[in-house]
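Heads up, the thing below is written out as structure tokens.
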Amino acid sequence: MTDPLRSAGASLSAVRHAIEGVLDELTWPVPFDLNALLEQIAGRCGKRVALLATALPRDGAGGLVIERAQDLVIVVDETLPPLQREHVIMHEAAHVLFGHRGTSVGDLTHEELDELDPEAVRGAERFAKRAGYSAIEEKVAEIAAALMSVRAGAVRRRGVRPRRSDVVAEVNKRFEEALLVRRPRW
């Protein structure tokens, strides 16, 4: 998919609106399932999307995308806290969703390549790393990741609620009725 947000000088509200439009086209599974979301993104970009959790250098990014001929690999720092790790995955998935191209393998140094799992690097054609994206691409990915997190949170809240006992349900009902009864003011 191509990035509809390439126009220079686009306002933040216009960027958000365009991102929301793309996110509206996705199905947000209940209960929320990050892998199901990644499968949808894979279907849109025409390549399988795999996750690789591994320790990344502390002074580097928390994640990156490796594009290979047959698939895309989202690499995420396994040492990050779970919520931050999910945000990083969504950020990198947004780069995939919007067709951001990143950096070609030839532009990377040997040190950068040596930091990664050799199996993941094998066959890589392109890397998506922070320095390889334009400012607008980074802005889009960050806004999209935040909006994806909001949607995932909303879906999680809509998920299966624990069944309350009949006693608790009755007490809640009486409490609600007591609050809704209007009494005349004197």
Side-chain angles (χ1 to χ4, degrees), residues 1-7 10 12-54 56 61-78 80-105 116-117 119-130 132-161:
M1 161 169 256
T2 59
D3 190 345
L5 312 169
R6 293 236 182 240
S7 61
L12 187 57
S13 63
V15 169
R16 179 182 174 151
H17 182 71
I19 293 168
E20 290 276 13
V22 173
L23 297 181
D24 286 345
E25 296 171 2
L26 299 173
T27 301
W28 296 85
V30 178
F32 179 72
D33 182 346
L34 183 59
N35 289 320
L37 182 63
L38 292 176
E39 286 176 19
Q40 289 183 71
I41 293 171
R44 292 176 71 113
C45 75
K47 286 188 176 184
R48 188 173 72 84
V49 176
L51 285 177
L52 173 64
T54 188
L56 293 176
L64 59 104
V65 178
I66 302 172
E67 181 178 356
R68 302 187 297 186
Q70 71 281 10
D71 64 1
L72 293 151
V73 180
I74 294 177
V75 181
V76 62
D77 188 344
E78 68 185 359
L80 295 174
L83 191 57
Q84 187 177 2
R85 191 170 46 242
E86 181 179 84
H87 178 81
V88 168
I89 292 168
M90 289 180 177
H91 177 100
E92 301 305 333
H95 284 305
V96 173
L97 180 62
F98 289 100
H100 299 163
R101 298 301 299 163
T103 305
S104 69
V105 174
L116 299 170
D117 179 352
E119 185 61 34
V121 174
R122 192 178 341 271
E125 299 171 347
R126 187 167 300 278
F127 279 76
K129 63 176 196 164
R130 284 202 194 281
Y133 289 121
S134 70
I136 188 70
E137 288 173 334
E138 276 305 315
K139 184 188 297 184
V140 166
E142 196 56 33
I143 293 170
L147 293 173
M148 291 165 115
S149 292
V150 168
R151 287 173 185 236
V155 168
R156 285 180 175 121
R157 286 188 297 279
R158 277 188 297 175
V160 177
R161 293 186 178 176

In Å and rounded to the nearest 0.5 Å, what is the [atom1] to [atom2] distance from [X] to [Y]?
X    : Y    : atom1 : atom2 : value
L37  : L97  : CG    : CG    : 8.5 Å
E20  : L147 : CD    : CG    : 4.5 Å
L52  : L64  : CG    : CG    : 9.0 Å
I136 : K139 : CD1   : NZ    : 4.5 Å
L51  : L38  : CG    : CG    : 5.5 Å
I143 : L12  : CD1   : CG    : 4.5 Å

Query raised in the report: H100 versus V140: any side-chain heavy-atom pair under 4.5 Å?
Result: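 With C-beta onward as the side chain, the pair touches.
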Report task. For the residue pair L34 and M90, establish whether any side-chain heavy-atom pair is separated by less than 4.5 Å. Result ->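 Counting from C-beta outward, L34 and M90 do come under 4.5 Å.
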For the backbone of [Y] and the side chain of [X], can you confirm whether one donor and one acceptor N or O come within less than 3.5 Å of each other?
X   : Y    : value
R48 : D71  : no
R85 : D77  : no
W28 : M148 : no
E92 : V76  : no

Minimum heavy-atom distance [X]-[Y], with the two atoms named:
X   : Y   : value
A42 : K47 : CB-O, 3.0 Å
I41 : A93 : CD1-CB, 3.8 Å
C45 : V96 : SG-CG1, 3.8 Å

Query raised in the report: Are side-chain N/O atoms of H87 and E142 paired as donor and acceptor at under 3.5 Å?
Result: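 H87 vs E142: donor-acceptor pair found between side chains.
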Query raised in the report: When you check the side-chain N and O atoms of H95 and H91, is any donor under 3.5 Å from an acceptor?
Result: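 Judged by distance alone, the side chains do pair up.
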